[in-house]
Protein chains: 2
Amino acid sequence: MSTSERRTQEQRSAETRKLLLAATVRSLMEVGYAKTTTAGIARRAGVSRGAQTHHFPDKMALIVSATEEMFDNFATGLERLAADLREGPLTYDGFFDAVWADILEGEWFYSSLEIIVAARGDAELRGHLAPLILDLHERFELTWSHTFVAADPQIVTARVALNLMMNVFRGMAVQAVLRRDEEYFREMLAALKAILAIHVRPVRPGE
Amino acid sequence: MSTSERRTQEQRSAETRKLLLAATVRSLMEVGYAKTTTAGIARRAGVSRGAQTHHFPDKMALIVSATEEMFDNFATGLERLAADLREGPLTYDGFFDAVWADILEGEWFYSSLEIIVAARGDAELRGHLAPLILDLHERFELTWSHTFVAADPQIVTARVALNLMMNVFRGMAVQAVLRRDEEYFREMLAALKAILAIHVRPVRPGE
DNA sequence: ATTTAGAAACAGACCAGCTGGTTTTTCTGT
DNA sequence: ACAGAAAAACCAGCTGGTCTGTTTCTAAAT
């Protein structure tokens, strides 16, 4: 071979693991949890099944690791969008649009949905995922709390308002599976923006 | 046997079919789509696998029929709640509480979530379900439109407001799989009620 | 600087278990 | 007697985990 002669063991491992985790997420995205097989993941990763079992002893380890990485990526992306809103490049409307686009078009939401739904009927998987989700939500809420301020915190705090936004998006994304109705989504998004604008506004640099 | 001597053929068929459909929904609820098997359904229904294949040629037919029934049940329940709101027995707050409880504690939401998520990676299933979902949403929207009136339809129509409610509930129910945090849900529900109260109110009998 | 033993990474065959669909047989109602 | 309903055996296909063999790297010994 000419592309990568003499990689260190650590490099070989890291690359293979990375390929496998990415392939796992891709498989979840493309065919869903039920049809995601270890053989399919190995094929997608361009790696033998032996290599896969070497790095991840069983399917559960693969799924959990992939989820971990996936959650981290999404949270980081959201933090970046929030920073863009605080620091100027993104408008209030643009922020909502970007978050929604990220959920609907990114590979994050549907992959995590597959896993969450699978976890409902699988106590072991649930046990592994619950702490990951808690961390994720904490990162979300931390982001909201220093990116938005409430008009009247007595009624609706920034934290609650943005959690509502996320829940609306989750619900819409679930609907989108069987009904990708752009007009409906535009309408919902516009209403959501208008309604939340009454209760929260983004902080701006000087504040 | 003594419980049901001499049933007519039609009765026997109808009862077995009913048992199978109920068992299908129960299986989706209890173990999820991935672990729902035709054998498991027959066992839950207390019926032989032979009887199952006689009435439903394949798994798809069983799933689709069960979904059909399930959707109808849920829509009917929602229409009843809306009627109770219009005609007195249910308050504005009570209506929201009841819909949320129905979603979180009923067997409808999670069963349909299983199927919707499964449909994402299965074109045939998606084809069967899409029209059912369209019907369901139309029933919802019809219900909203003659149960609520908007304060200012220019900004948010009753239809849009109640769709937002449903989407928030969907999102919360997805979260609830891994994080059943009563306090969080109470907070969200209170905020949702407060926010929507600004934009819509229920119609009352005389109007 | 080479050699070489050992460990880690990787490849692929193998197998037991389960799933869904088909087929054959028995039973129940008309 | 006949047909629809129900039961149960059967089977081909796939899945995930294990097992065995091979290649690639590392580092100690020479």
Side-chain angles (χ1 to χ4, degrees), chain A residues 1-21 23-24 27-28 30-66 114-115 118 121-122 124-125 128, chain B residues 1-21 23-24 27-28 30-66 114-115 118 121-122 124-125 128:
Chain A
M1 278 297 147
S2 57
T3 50
S4 56
E5 293 156 342
R6 218 152 180 89
R7 290 173 301 166
T8 181
Q9 293 279 54
E10 204 178 336
Q11 283 175 322
R12 300 209 314 158
S13 277
E15 279 176 35
T16 307
R17 288 180 62 95
K18 195 174 173 180
L19 286 172
L20 282 167
L21 294 183
T24 304
S27 174
L28 287 171
E30 288 172 11
V31 300
Y33 187 88
K35 289 182 184 169
T36 285
T37 68
T38 53
I41 291 170
R43 183 173 44 73
R44 270 169 232 269
V47 155
S48 75
R49 240 173 79 60
Q52 174 253 303
T53 57
H54 177 71
H55 289 288
F56 301 93
D58 55 26
K59 196 181 179 184
M60 182 69 64
L62 196 46
I63 299 283
V64 172
S65 293
E114 292 284 346
I115 292 176
D122 185 329
E124 191 189 347
L125 187 56
H128 286 294
Chain B
M1 276 297 149
S2 57
T3 48
S4 56
E5 294 154 343
R6 220 151 178 90
R7 291 171 301 166
T8 180
Q9 293 281 53
E10 202 178 338
Q11 283 176 321
R12 300 210 314 158
S13 277
E15 281 177 35
T16 306
R17 288 179 62 94
K18 194 174 173 180
L19 285 172
L20 282 167
L21 294 182
T24 303
S27 174
L28 287 171
E30 288 172 13
V31 300
Y33 187 87
K35 290 182 182 168
T36 285
T37 67
T38 53
I41 292 170
R43 184 173 44 74
R44 269 169 232 271
V47 155
S48 76
R49 244 174 74 60
Q52 176 254 301
T53 57
H54 178 70
H55 289 287
F56 300 93
D58 55 25
K59 197 182 178 183
M60 184 66 67
L62 195 46
I63 298 283
V64 172
S65 293
E114 292 285 345
I115 292 175
D122 185 329
E124 190 190 348
L125 187 55
H128 286 294

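Here is how names work: the chains are called A, B, and so on, in the same order as the sequence lines, proteins then strands, and each is numbered from 1.
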Presence of [X] side-chain N/O under 4.0 Å of [N] phosphate oxygens OP1/OP2:
X       : N      : answer
A/Ser13 : C/dA9  : yes
B/Thr53 : C/dG21 : no
B/Ser48 : D/dA6  : no
B/His55 : D/dG4  : no

I need the [atom1]-[atom2] distance between [X] and [N], as an integer number of Å.
X       : N      : atom1 : atom2 : answer
B/Lys35 : C/dG17 : NZ    : P     : 18 Å
A/Glu15 : D/dC25 : CD    : C1'   : 14 Å
B/His54 : C/dT23 : NE2   : C1'   : 15 Å
A/Gln11 : D/dC25 : CD    : C1'   : 11 Å
A/Arg49 : D/dT22 : CZ    : P     : 20 Å
A/Lys59 : D/dT15 : NZ    : C1'   : 8 Å
A/Arg12 : C/dA9  : CZ    : P     : 8 Å
B/Phe56 : D/dA5  : CZ    : C1'   : 14 Å

- Could you state the interatomic distance from CD (B/Glu114) to NZ (B/Lys35), rounded to the nearest 0.5 Å? 10.5 Å
- Task: Return the 5'-most residue of the pair A/Gly50, A/Ala39 with respect to DNA chain D, ranking by each residue's nearest nucleotide.
- Result: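 Looking at the nearest nucleotide for each, A/Ala39 comes out on the 5' side.
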- Measure from the side-chain heavy atoms of B/Ala51 and tell me the nearest of D/dA7, D/dG17, C/dT19.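 Taking heavy atoms from C-beta onward, the closest nucleotide is D/dA7.
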- Message: For a quick check of understanding: with a heavy-atom distance under 4.0 Å over all strands, which category does A/Thr16 fall into, base, sugar-phosphate or nothing?
- Response: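 The residue A/Thr16 makes sugar-phosphate contact but no base contact.
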- Message: I'd like to know if the side chain of B/Thr53 reaches the main chain of B/Gly50, judged simply by a donor and an acceptor atom lying under 3.5 Å from each other, with no hydrogens or angles considered.
- Response: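 The answer is yes, because a donor-acceptor pair under 3.5 Å joins these two groups.
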- Return yes if some donor-acceptor pair links the side-chain N/O of B/Lys59 with the main-chain N/O of B/Thr36 below 3.5 Å, else return no. yes
- Task: Using the side-chain contact (heavy atoms from CB on, under 4.5 Å) rule, take A/Gln52 and A/Thr24 through it: C-alpha gap first, then chi angles, then the decisive distance, then the call.
- Result: CA-CA 11 Å; A/Gln52 174 253 303; A/Thr24 304; over 6 Å; no
- What are the two closest non-hydrogen atoms of B/Arg44 and B/Ser27, and how far apart are they?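 Looks like NE-CB, 3.5 Å.
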